[in-house]
2 protein chains.
Amino acid sequence: MAPNKELQEQRMRGYFKDATREILKGEGLKALSVRTVAERAGYSFATMYNYFRDLNELIFLCVNDFMEECETLVNEVGTEMEPGRERLNVRVKAYISYFTQYPGIFELFFVEKMNDIGSKHPTARTIYEFSDKLFGEDVEVLTGALPYAEKINRDILDNLRHSVTGMLLFYNNRLQPRDYREFIAIALRQTELCLAPAYA
Amino acid sequence: MAPNKELQEQRMRGYFKDATREILKGEGLKALSVRTVAERAGYSFATMYNYFRDLNELIFLCVNDFMEECETLVNEVGTEMEPGRERLNVRVKAYISYFTQYPGIFELFFVEKMNDIGSKHPTARTIYEFSDKLFGEDVEVLTGALPYAEKINRDILDNLRHSVTGMLLFYNNRLQPRDYREFIAIALRQTELCLAPAYA
DNA sequence: AAATATAATTAACATTGTTTATTATTTTAA
DNA sequence: TTAAAATAATAAACAATGTTAATTATATTT
């Protein structure tokens with residue numbers, strides 16, 4: 001019988017991708033190296049280069065998986081609520097919770113340099129628009145009836161993106177504020193403030 | 001005559017600090033290494049270890065210099081204006097301008113991991129409170145007469161810190177948005193939005 | 001079953017931060 | 001002033017990183 005090369009290759013790539021994901025979710029980017037990935041995958045580090053251009057390609061592939069995972073988690077909360085202010089709150093909370101639980105993934109999404117092509121990469125834009133995708137529906141409900149709804153919508157979503165990312169950056173990267181409960185309290189309060197333009 | 005050991009040591013440390021500052025402002029963190037610093041300072045890389053515990057100590061020392069420099073620049077604009085909304089705008093603009101001009105310094109302040117002690121370092125808190133220091137006076141003028149002035153003050157400054165840091169992170173690290181003019185436009189608009197609680 | 005193609009691994013290189021050993025220099029003491 | 005001692009500067013070396021080239025093992029094909 002003819003061996004299924006395609007299947008074999010997919011499996012090999014899977015082993016390395018899984019290993020990368022596990023390390024990123026567990027120990028974080030700092031612990032990620034060609035050697036640690038290969039060891040967990042059960043192969044020599046040089047084998048990786050037979051299936052991926054370099055370590056960066058491997059990392060990029062994980063970003064999409066993590067985005068899906070995060071989106072799923074966010075979509076699992078507030079399912080019984082109707083779109084709007086309250087639901088936005090619990091969804092933002094789930095979003096924040098994901099990135100504090102896996103600071104390595106936050107780092108990967110928003111902090112890490114993304115060498116060479118980095119910023120030109122379509123992934124950069126996808127990440128930029130990620131929070132819009134998650135919070136857009138709730139915000140739209142709040143602004144729908146207003147004049148200049150679209151503009152206000154844009155303002156709120158921008159502010160949400162920047163605020164939440166900024167807060168997570170300080171908390172994950174600098175432990176400011178020190179206490180998690182205080183951090184969550186501030187985060188939720190700030191989320192409320194972002195909605196102000198909808199109530200002006 | 002007795003040689004002034006203290007002076008000699010201060011000079012040596014100065015050479016390395018200056019070299020570090022120049023590299024950080026120019027090529028950025030990526031280009032910074034024990035070897036590149038030492039070369040620019042005119043000494044062997046091993047000599048650095050006679051004057052600093054490690055490369056991190058050297059880097060930390062630069063943070064304070066950069067903060068002073070940034071503060072000076074911000075204080076140089078809007079001097080003829082009276083504190084308030086308009087002045088806050090130009091000051092925020094100057095602040096943003098500094099960190100887009102020197103993305104390596106932004107990286108150092110907000111992005112870089114700060115190994116080991118990192119977040120426990122007092123510098124982490126100083127950085128966290130840096131925007132409060134720069135924008136506090138203007139915001140206070142806007143909220144001074146309001147009930148719950150202090151609380152609102154806190155909210156606005158928090159939002160400013162997180163928003164501006166978040167925007168800079170996306171722009172410097174991910175080139176989102178791609179165009180600088182668009183970025184500045186959004187930034188100023190978001191700054192205005194942060195002040196909303198003062199006009200509620 | 002031998003020849004060939006493919007895949008996996010070892011060896012090697014360049015670059016990083018850091019430590020240890022060695023050399024050069026300066027200071028101190030006779 | 002010169003020999004001894006202390007200090008400062010450097011070179012050599014190590015471990016860890018990403019990556020490439022050479023080599024070995026394994027499949028595949030004839």
Side-chain angles (χ1 to χ4, degrees), chain A residues 1-20 23-24 27-62 104 107-108 111-118 121, chain B residues 1-20 23-24 27-62 104 107-108 111-118 121:
Chain A
M1 62 206 152
N4 190 335
K5 291 301 215 60
E6 187 56 36
L7 176 62
Q8 288 177 10
E9 175 156 340
Q10 274 314 105
R11 278 190 185 136
M12 286 298 285
R13 292 172 66 88
Y15 299 148
F16 282 97
K17 266 178 59 180
D18 290 347
T20 306
I23 293 174
L24 286 175
E27 300 92 315
L29 248 173
K30 205 195 58 175
L32 193 82
S33 80
V34 190
R35 266 99 172 167
T36 56
V37 168
E39 182 183 24
R40 197 177 286 236
Y43 288 89
S44 157
F45 60 88
T47 305
M48 194 217 76
Y49 289 92
N50 291 340
Y51 296 93
F52 303 91
R53 192 167 48 74
D54 56 17
L55 191 60
N56 272 331
E57 186 188 339
L58 197 41
I59 292 174
F60 270 118
L61 291 172
C62 293
E107 205 183 339
L108 185 59
V111 176
E112 184 57 7
K113 274 270 86 65
M114 287 192 179
N115 266 336
D116 20 297
I117 45 156
H121 204 281
Chain B
M1 59 200 154
N4 191 336
K5 290 302 216 60
E6 187 57 35
L7 176 63
Q8 290 176 9
E9 176 156 339
Q10 274 314 106
R11 278 188 185 136
M12 286 298 286
R13 292 171 67 87
Y15 300 146
F16 282 97
K17 265 178 60 179
D18 290 346
T20 305
I23 293 174
L24 286 175
E27 299 91 314
L29 246 174
K30 205 194 57 168
L32 192 82
S33 79
V34 190
R35 265 97 172 168
T36 56
V37 168
E39 183 184 23
R40 196 177 285 236
Y43 288 90
S44 157
F45 61 86
T47 305
M48 194 217 76
Y49 289 93
N50 292 339
Y51 295 93
F52 303 91
R53 191 166 49 77
D54 56 18
L55 190 60
N56 272 331
E57 185 188 340
L58 197 41
I59 292 175
F60 269 119
L61 291 172
C62 294
E107 204 183 340
L108 184 59
V111 176
E112 183 59 5
K113 274 271 86 68
M114 288 192 178
N115 266 337
D116 18 297
I117 46 156
H121 205 282

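Here is how names work: the chains are called A, B, and so on, in the same order as the sequence lines, proteins then strands, and each is numbered from 1.
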| task | Please determine, for the side chain of B/Asn50, which listed nucleotide (D/dT10, D/dG18, C/dG17) has the closest atom? | result | D/dT10
| task | Take atom CG of B/Asp54 and atom P of D/dA15, then tell me their distance rounded to the nearest Å. | result | 20 Å
| task | With a 4.0 Å heavy-atom cut-off, tell me which residues in residues 35-43 of chain B come close to DNA chain C, sorted by residue number. | result | B/Arg35
| request: Using whole Å, report how far NZ of B/Lys30 lies from P of C/dG17. | output: 14 Å
| task | Looking only at non-hydrogen atoms, find the nearest pair between B/Ala38 and B/Phe16 and report the distance. | result | CA-CE2, 3.9 Å
| task | For B/Asp18, check side chain to side chain donor-acceptor pair (under 3.5 Å) against everything at least two apart and list the hits. | result | B/Arg21
| said: What contact category does A/Tyr51 fall into here, base, sugar-phosphate, or nothing, at under 4.0 angstrom with non-hydrogen atoms? | reply: sugar-phosphate
| Among B/Val34, B/Val37, B/Leu58, B/Ile59, the one residue meeting side-chain contact (heavy atoms from CB on, under 4.5 Å) with B/Phe52 | B/Leu58
| said: In this structure, how many angstroms lie between the C1' atom of C/dT16 and the CG atom of B/Leu29, rounded? | reply: 14 Å
| Whole angstrom value for the distance that separates C1' of C/dT16 from CG of A/Leu55 | 16 Å
| task | Quick one: closest heavy-atom pair of B/Leu24 and B/Cys62, and the distance? | result | CD1-CB, 4.2 Å
| request: For B/Asp54 and B/Glu57, indicate whether the former's side chain and the latter's backbone hold a donor-acceptor pair under 3.5 Å. | output: yes
| field | From NZ (B/Lys30) to OG1 (B/Thr36), nearest 0.5 Å | value | 11.5 Å
| Any side-chain heavy atom of A/Leu29 sitting closer than 4.5 Å to one from A/Val111? | no
| Shortest non-hydrogen contact from B/Ala41 toward B/Ala19 | N-CB, 3.9 Å
| Rounded (10°) bend between the five-pair end axes of the helix from C/dA1-D/dT30 to C/dA30-D/dT1 | 30°
| note | Taken to the nearest whole Å, CG/A/Leu7 to P/D/dA27 is 16 Å
| query | With the sugar-phosphate defined as primed atoms, P, OP1 and OP2, and the base as all remaining atoms, what B/S/- string results for nucleotides 20-25 of chain D, 5' to 3', for protein heavy atoms under 4.0 Å? | reply | B-----
| request: Output, in order, the C-alpha distance, side-chain angles, deciding distance and verdict of side chain to side chain contact (heavy atoms under 4.5 Å, CB included) for A/Leu61 and A/Arg13. | output: CA-CA 10 Å; A/Leu61 291 172; A/Arg13 292 172 66 88; 3.8 Å; yes
| query | In whole angstrom, what separates B/Met48's CE from D/dT10's P? | reply | 13 Å
| Which heavy-atom pair separates A/Leu55 from A/Met48 by the least distance, and what is that distance? | N-CE, 3.9 Å
| For A/Met12, which contact category applies under a 4.0 Å heavy-atom criterion: base, sugar-phosphate, or nothing? | sugar-phosphate
| field | Side-chain N,O (B/Thr47) to OP1/OP2 (D/dT10) below 4.0 Å | value | yes
| task | Check whether any side-chain N or O of B/Ser33 sits under 4.0 Å from OP1 or OP2 of C/dG17, and answer yes or no. | result | yes
| note | Contacts satisfying side-chain hydrogen bond (donor to acceptor under 3.5 Å, both in side chains) that involve residues 38-47 of chain A (not counting sequence neighbours) are A/Glu22-A/Arg40, A/Glu27-A/Arg40
| request: Round to a whole Å and report the spacing from CD of A/Glu57 to P of D/dT19. | output: 11 Å
| task | Would you kindly give the CD-to-C1' distance between A/Gln8 and D/dT26, to the nearest whole Å? | result | 12 Å
| field | For A/Arg35, all residues meeting side-chain contact (heavy atoms from CB on, under 4.5 Å), sequence neighbours excluded | value | A/Ser33, A/Phe45
